Each structure stands twice: as C-alpha cells, then as structure tokens.
Amino acid sequence: MADLSTRYMGLKLKSPIIVASSDFTKSTGQIEKCRDYGAGAVVLKSIFQEEFTAESIRTELESGYPQYAESFDYVEQMIAHRGQEAYLELIREAKKRVDIPVIASINAYSSKGWAEYARHVEEAGADALELNTALLPASPYETSEEIEKRYVDIIKTVKKEVSLPVAMKIGPYFTSVFRIADRMYASGADALVLFNRFYQFDFDIDKISLTYGGFLSTPSEMSNTLRWMALLYGVADGDLAAATGIHSSEGVVKQLLAGATTVQVCSALYKNGLDHLKKMNEGLSDWMDKHGFTSVDAFRGRLSKEKAHYPDEIERLQFMKALLAEGERKGR
Ligand SMILES: Cc1cc2nc3c(=O)[nH]c(=O)nc-3n(C[C@H](O)[C@H](O)[C@H](O)COP(=O)(O)O)c2cc1C
C-alpha cells in the first residue's frame, strides 16, 4: 500500500477518506467497522440543535394536552438532557474503542441556546467538531449579509467555547463561495466541508403530497464540489474536505487532485456496504503507485486553479464559451 496518511485540522489520519456523518457513525459497533475497513476518521451522526430544547417534543405534547402546557418545561429539559448525555457517552465510548480521530457533529441553525454544549463535546474527548449548518434562506426580508452573519455568529460563538478544531459543513447556495469561505476561516473555522447535500424536495402526484426523493447521491453530483475545490485550493485559509457524490477511488483521486485535504463518503457506503471503504483505499493506493506518487501531498492540488495550465477554464460556466475555446484550440 502507498502511504495514504494525511493531516486534517492538525489531526493525523491514516487515509484521507473519512466516513461522513450518517447512520454508519451513530454506534460504537459501526464506528469500529469503519476503522476496520480503513476509514481515516469518522464524523459522528449529528446531534441536532432541536434536541437541545426538545422543541419538537414540546410542541407535540402541547397540542395533545394543552391543559398541562405549563408543566412541560421540566419534561422538555429532561428529554433534552437525556439526548445530550447519550451523545457525550457515544463520544467517550468511541474514543475508548478506536484509534482513529472521532469528529463530533452538531447540526445548528443559530448560535443561541447550545454553544456551551460544544465544551462538553470537547471534554468528552472528541478530536474535532463539525458544524452542520443547514440554513434555508426562505425569507424575502432577510438580506444576504444577514444570512452570512448567522454562519459567522455560529462559528465565532463555538470557537469562544472550545479549543478543539472546528469544521463548518455548508451547502453550495452562496452568491460568493469565496466570500463565505473567507469569512468562515477569519471567524475561526479550521476547515470547510464542501458541500452538504440537502434532502431532495419533491411531490408525490398520486397522493398529492410532499415527499422526499433521491435519498442517496449519485457520482454525477460530485462536479460542483470538484470545481470549488479546484478554485479554493491555495487560496483558502484552512483545510478543505470534499463531500457529496464521491463514490469510488476515482472520485477520491479527482478531489485530491483538485486540492481537497480529505474526502467524505456516505451514499457509496449505503449502496455498496462498508467494505467499499477498503476498495476505495486500495484504488487510491494503486493509482498512486501507477503514477509514482509516494505521498498524498505529492499530488494534492495538481489540477487546482493555482497549479493548472488553463485556469480560466475552471471558471467556465457557459456551454458556448467552452465550444468557442475548443474551436480556437483546434484553429477554427
Ligand atoms: C441516511 C443519512 C443520514 C445522514 N445524517 C447526517 C447527519 O446527521 N449530519 C450531517 O451533517 N449529514 C448527514 N448526512 C449527510 C452526509 O453526511 C453527506 O454529507 C451527504 O450524504 C453527501 O455525501 P454523499 O454523496 O457521499 O452521500 C446524512 C446522509 C444520509 C444519507
């Protein structure tokens, strides 16, 4: 095997392939399997901000038993506390059982009400924290600046509480990915995870109701991440983890060539089983041997904007422009 070791947010990983936050990382048994099949690190299944207030449970109780509404404070706190404790216990147990980095994950939509929990996550022994920040800018009254500020507030508030490395997992829907990336790193983020994949919104036209489609990603969804890795490598002020649509060792190689520090995989493991991790590591190692690379650093970012021969083409969005460029190259 070639040497696949790499550093991510200051942590030493045996492989750049990380198991993304998912059901594969919600129990110690599964986490041990991830380690056995060669995961460089695991991102635990997220604890959700709602679980800090158990808001949803309260709403349910209140609608069923409105006459007791005032007494639900205690129930709400008790349920929330139990969920938080169980998550800390998962971190402690995982740290006892595996020697790969364990990255905790909190799904947050605001900076209020839960930030001190990040300190408990650190005390429980997590090696790093990933903040899954999924904000849908659905209000016509909230400006882009206000939305960006919410992300900034989240990372700043958490960084005040902890000294462990923190990654921000963000979606692709920003007018300027560069600007938000800059602001995230300046606010203390040690890495960005690009990109989160949101539930696919859909309608069931027989039941005339809302449904969700495309539970798992496909390899064709990797392209947007690849573009932004290639654009941000060398410019970003921290590490970059590639996510969404990485299903094979070829996908891993491409993301590393674009400049990713690490890659996260999830859907590919649901489709092929956890042992697919082993194949991905072997495929990466074979490719490195074939091309004479003895370390991941030796080729990381080779096809990034910073190092590529045709940097303008990375920014090309329009089909016409690409056609004209192809014509020019062929001398037409
Ligand atoms: C069943 C399932 C559960 C997931 N749970 C979480 C989660 O708790 N927190 C999170 O940040 N992402 C979660 N994700 C998103 C994945 O971590 C990943 O970012 C996304 O699936 C895109 O990567 P992929 O194309 O390799 O699947 C989940 C995805 C799936 C399919």
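One-based numbering, in listed order, for ligands and for the atoms of each. Everything numeric in this text was worked out from a predicted model, so none of it was measured.
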Query - For atom 13 (C) of ligand 1, closest protein heavy-atom neighbour - result: S21 O, 3.1 Å
**Report entry** Identity and distance of the protein heavy atom lying nearest atom 26 (O) of ligand 1
**Finding:** C266 N, 3.0 Å
**Report entry** Aromatic contact, Y270 with F24 (centres under 6.0 Å)
**Finding:** yes
Query raised in the report: Of the non-hydrogen atoms in L13 and G40, which two are nearest, and what is the gap between them?
Result: CG-O, 3.4 Å
Query raised in the report: Does the ring center of W114 lie less than 6.0 Å from the ring center of F48?
Result: no
Query raised in the report: Side chains of D297 and S295: is there a donor and an acceptor less than 3.5 Å apart?
Result: no
Requested in this report: Please write down residue, atom name and distance for the protein heavy atom closest to atom 9 (N) of ligand 1.
Outcome: S46 OG, 2.6 Å
Query - Contact atoms of ligand 1, heavy-atom distance to K169 under 4.0 Å - result: 10 (C), 11 (O), 12 (N), 15 (C), 16 (C), 17 (O), 18 (C), 19 (O)
Requested in this report: Considering heavy atoms of the protein only, find what lies nearest to atom 11 (O) of ligand 1 and give residue, atom and distance to 0.1 Å.
Outcome: N132 ND2, 2.6 Å
Query raised in the report: Do F174 and Y151 have ring centres separated by under 6.0 Å?
Result: yes
Query - Nearest-neighbour protein heavy atom for atom 22 (C) of ligand 1, which is reported as residue plus atom name and distance - result: T244 OG1, 3.4 Å
Query - Enclosure of K95 NZ (heavy-atom neighbours >12, cutoff 6.0 Å) - result: yes
Query raised in the report: Looking at Y8 and A167, what are the two nearest heavy atoms and their distance?
Result: OH-CB, 3.9 Å
Report task. Do me a favour and list the nearest non-hydrogen protein atom to atom 2 (C) of ligand 1 with residue, atom name and distance? Result -> Y270 OH, 3.8 Å
Requested in this report: Identify the protein heavy atom lying closest to atom 20 (C) of ligand 1, giving its residue, its atom name and the separation to 0.1 Å.
Outcome: R197 CB, 4.1 Å
**Report entry** For atom 5 (N) of ligand 1, the protein heavy atom that lies nearest, with its residue and separation
**Finding:** K45 NZ, 2.9 Å
Query raised in the report: Side chains of Q255 and T225: closer than 4.5 Å at any heavy-atom pair?
Result: yes
Query raised in the report: Which atoms of ligand 1 sit under 4.0 Å from any heavy atom of G245?
Result: 24 (P), 25 (O)
Query raised in the report: For ligand 1, which atoms sit closer than 4.0 Å to a heavy atom of S217?
Result: 24 (P), 25 (O), 27 (O)
Report task. May I ask whether N107 places a heavy atom under 4.0 Å from ligand 1? Result -> no
Query raised in the report: Does the separation of the ring centres of W228 and Y233 fall below 6.0 angstrom?
Result: no
Requested in this report: Tell me which part of S267 gets within contact of ligand 1: side chain, backbone, both or neither, using heavy atoms under 4.0 Å.
Outcome: both
